Amino acid sequence: MIRLPNILNGRLYCSHPSASSQPPNNKLFVAGLSWSVDEKSLNDAFSTFGQVTEVRIMYDKETGRSRGFGFVHFSKDEEANCAKDAMDGKAFLGRPLRVSFALEKVRGAPVVVPRLTGVGNGDK
DNA sequence: CTTGAGCGT
């Protein structure tokens, strides 16, 4: 029987004010996953510590298998810090889990291209 | 029946 901590009670049992080297983002980088782990498994595992808003696992576009790492978005940064401090270093599906804060890596983000309106010689 | 550090469209 799985006993879930009453996190919805507004009281996180893992609210440890541990000083983080990096600014706690609500985005967590989860690695060390097994090649058989799916998003729903991580969602169920990380939703135990907080409100998971997004779970993305990177899969290979050639073989279709999981790359072994993914990303978990939380509703609050404190929940992410809690889940990180709780699941980091722990074993998940037979493999040691490695959780850390995700970097601000965005490739598909639409960069605002400054349109040269009236700049320079708009004539001709 | 494959591998094992990492940072995403």
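So that the names make sense, note that chain A is the first sequence line, chain B the second, and so on, each numbered from 1. These figures come from a predicted structure and were not determined experimentally.
- As rounded to whole Å, 17 Å separates atom C1' of B:dG6 from atom OH of A:Y59.
- Rounded to a whole Å, the CZ atom of A:F29 is 4 Å from the C1' atom of B:dC7.
- Across the protein-nucleic acid pair, A:L103 atom CG and B:dG8 atom C1' stand 10 Å apart, rounded to whole Å.
- Evaluated for a side chain to side chain contact (heavy atoms under 4.5 Å, CB included) with A:F74, the options A:V52, A:N81, A:N25 yield exactly one hit, A:V52.
- Under the ring pair (Phe, Tyr, Trp, His ring centres under 6.0 Å) criterion, A:F29 pairs with A:F69, A:F71, sequence neighbours left out.
- Distance, A:I57 CD1 to B:dG6 C1': 15 Å, rounded to whole Å.
- In this view, A:K76 and A:E78, A:E79 satisfy the side-chain contact (heavy atoms from CB on, under 4.5 Å) rule, not counting sequence neighbours.
- Considering only heavy atoms from C-beta on, A:L93 stays 4.5 Å or farther from A:W35 through its side chain.
- For the residue pair A:D44/A:S47, the side-chain donor-acceptor check at 3.5 Å is not satisfied.
- Distance, A:F71 CZ to B:dG6 P: 14 Å, rounded to whole Å.
- Residues A:F92 and A:V30 form no side-chain contact, since every pair of their non-hydrogen atoms from C-beta on lies 4.5 Å or further apart.
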Do any N or O atoms of the protein come closer than 3.5 Å to N or O atoms of nucleotides 1-5 of chain B, and which pairs are they?
from	atom 1	to	atom 2	distance (Å)
B:dG4	N7	A:R95	NH2	3.3
B:dG4	N1	A:L33	O	2.5
B:dG4	N2	A:L33	O	3.0
B:dG4	N2	A:G68	O	3.3

